[in-house]
Amino acid sequence: MSHAQDSDLHQTYEHLLILWTSGVRDYHSLLSDYLTANSIFVAVIGLMVSRESLALLFTVLIVVLAVFGMLLCLQMAIVLGRFSGQNALWEWQLRGIEQDPAWAERKLLTMAHQLHDTREPLEDAKNDPPRFEPNWAFRQHRRWWAHRAVSFPWFFGLVYGLYLFWAIIQLFHQAVVG
């Protein structure tokens, strides 16, 4: 491989690494923002539900907030799913570069993939200890509950669905009794 091709490979790797690390950071930041927004929505609805006598206006407001909460969950699933897929693409491309026979640098993403997906220990005689074993968290990483782009929207969507169901029953009760 020529020096120019080697330089291009390193430059492409650096760009992809920046995209991947930025994407991971943005994913976690966005996840935190969505969790905060959903927590506030759920708390506000919960406070309204806990009132002793609920006026019609508050019941309608609960319906509106629950519907907006469900839409927020849908948006959360789509956006986090897109970020997760995009980050997986950058990681996949980085591992592809690391598998290139001309790549002589450390294979950081390949090692992380080895720990997360195949759960194989890493070995480096120059390190102390020379063997790095994947811990419990590495072994559980790919389980369904680790997929926050799916599990958190489902959890909050279920809570909003229950609040919506409760509010519709209250509206029906108020219409029949009132």
Side-chain angles (χ1 to χ4, degrees), residues 15-96 108-120 134-178:
H15 290 308
L16 285 171
L17 193 59
I18 290 168
L19 286 170
W20 179 74
T21 54
S22 297
V24 169
R25 182 199 62 230
D26 293 345
Y27 175 88
H28 288 287
S29 175
L30 198 57
L31 174 65
S32 177
D33 293 344
Y34 275 121
L35 290 176
T36 300
N38 278 302
S39 297
I40 290 169
F41 263 62
V42 166
V44 167
I45 295 171
L47 284 172
M48 284 192 280
V49 166
S50 69
R51 295 175 50 102
E52 282 186 37
S53 61
L54 206 57
L56 179 63
L57 176 65
F58 283 112
T59 307
V60 170
L61 185 58
I62 291 170
V63 168
V64 170
L65 288 175
V67 168
F68 277 122
M70 293 173 109
L71 292 172
L72 182 65
C73 287
L74 180 62
Q75 180 189 31
M76 178 183 185
I78 292 168
V79 172
L80 290 178
R82 184 184 68 80
F83 265 98
S84 182
Q86 182 176 296
N87 292 340
L89 173 63
W90 303 144
E91 183 178 331
W92 178 74
Q93 289 181 330
L94 285 163
R95 284 196 323 266
L108 300 174
L109 275 290
T110 301
M111 292 184 330
H113 178 73
Q114 182 178 341
L115 283 172
H116 289 162
D117 293 345
T118 63
R119 296 173 200 78
E120 295 176 24
N135 65 14
W136 178 85
F138 280 113
R139 291 190 304 271
Q140 302 304 315
H141 177 75
R142 296 290 183 195
R143 302 260 190 237
W144 67 270
W145 54 78
H147 296 282
R148 295 162 290 220
V150 175
S151 60
F152 283 132
W154 272 110
F155 169 76
F156 282 108
L158 179 64
V159 171
Y160 291 130
L162 290 172
Y163 279 139
L164 182 61
F165 180 71
W166 179 88
I168 289 171
I169 289 174
Q170 294 301 313
L171 287 173
F172 180 74
H173 181 68
Q174 289 175 358
V176 170
V177 175

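Computed from a predicted model, the values in this text were never measured in an experiment. The basis for the numbers below is simple: all heavy atoms, side chains too, and nothing from hydrogens, waters or symmetry mates.
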Item to check | Spatial distance of atom CG (Asp26) from atom CG (Leu31) [nearest 0.5 Å] | outcome: 12.5 Å

Next on the checklist: To the nearest 0.5 Å, what is the distance between CD1 on Ile169 and CG on Leu164?
Outcome noted: 10.0 Å

Item to check | Rounded distance [0.5 Å steps], CG in Leu171 versus CH2 in Trp166 | outcome: 9.0 Å

Item to check | Pair Val42-Tyr160, side-chain contact (heavy atoms from CB on, under 4.5 Å): steps then yes or no | outcome: CA-CA 7 Å; Val42 166; Tyr160 291 130; 3.8 Å; yes

Checklist entry - So Met48 and Leu65, side-chain contact (heavy atoms from CB on, under 4.5 Å) or not? Walk me through it. => result CA-CA 11 Å; Met48 284 192 280; Leu65 288 175; 3.2 Å; yes

Item to check | Minimum-distance pair of heavy atoms, taken over all atoms of Ala167 and Thr59 | outcome: O-CG2, 3.5 Å

Next on the checklist: Can you tell me how far apart CD1 (Ile62) and CG (Leu47) are? Round to the nearest 0.5 Å.
Outcome noted: 10.0 Å

Next on the checklist: I'd like to know if the side chain of Ser32 and the backbone of His28 have a donor-acceptor N/O pair within less than 3.5 Å.
Outcome noted: no

Item to check | Nearest-0.5 Å distance that lies between atom CD in Glu120 and atom CE in Met111 | outcome: 13.5 Å

Next on the checklist: For the CH2 atom of Trp90 and the CZ atom of Arg95, what is their distance to the nearest 0.5 Å?
Outcome noted: 14.5 Å

Please list, one pair per line, the donor and acceptor atoms closer than 3.5 Å that link side chains of residues 66-82 to other protein atoms, with sequence neighbours excluded.
residue: Arg82; atom: NH1; partner: Gln86; partner atom: OE1; Å: 3.2

Counting only pairs under 3.5 Å, give me each side-chain donor-acceptor contact of residues 15-24, with atom names and distances, residues two or more places apart or in other chains.
residue: Thr21; atom: OG1; partner: Leu17; partner atom: O; Å: 2.9
residue: Thr21; atom: OG1; partner: Ile18; partner atom: O; Å: 3.2
residue: Ser22; atom: OG; partner: Ile18; partner atom: O; Å: 2.9

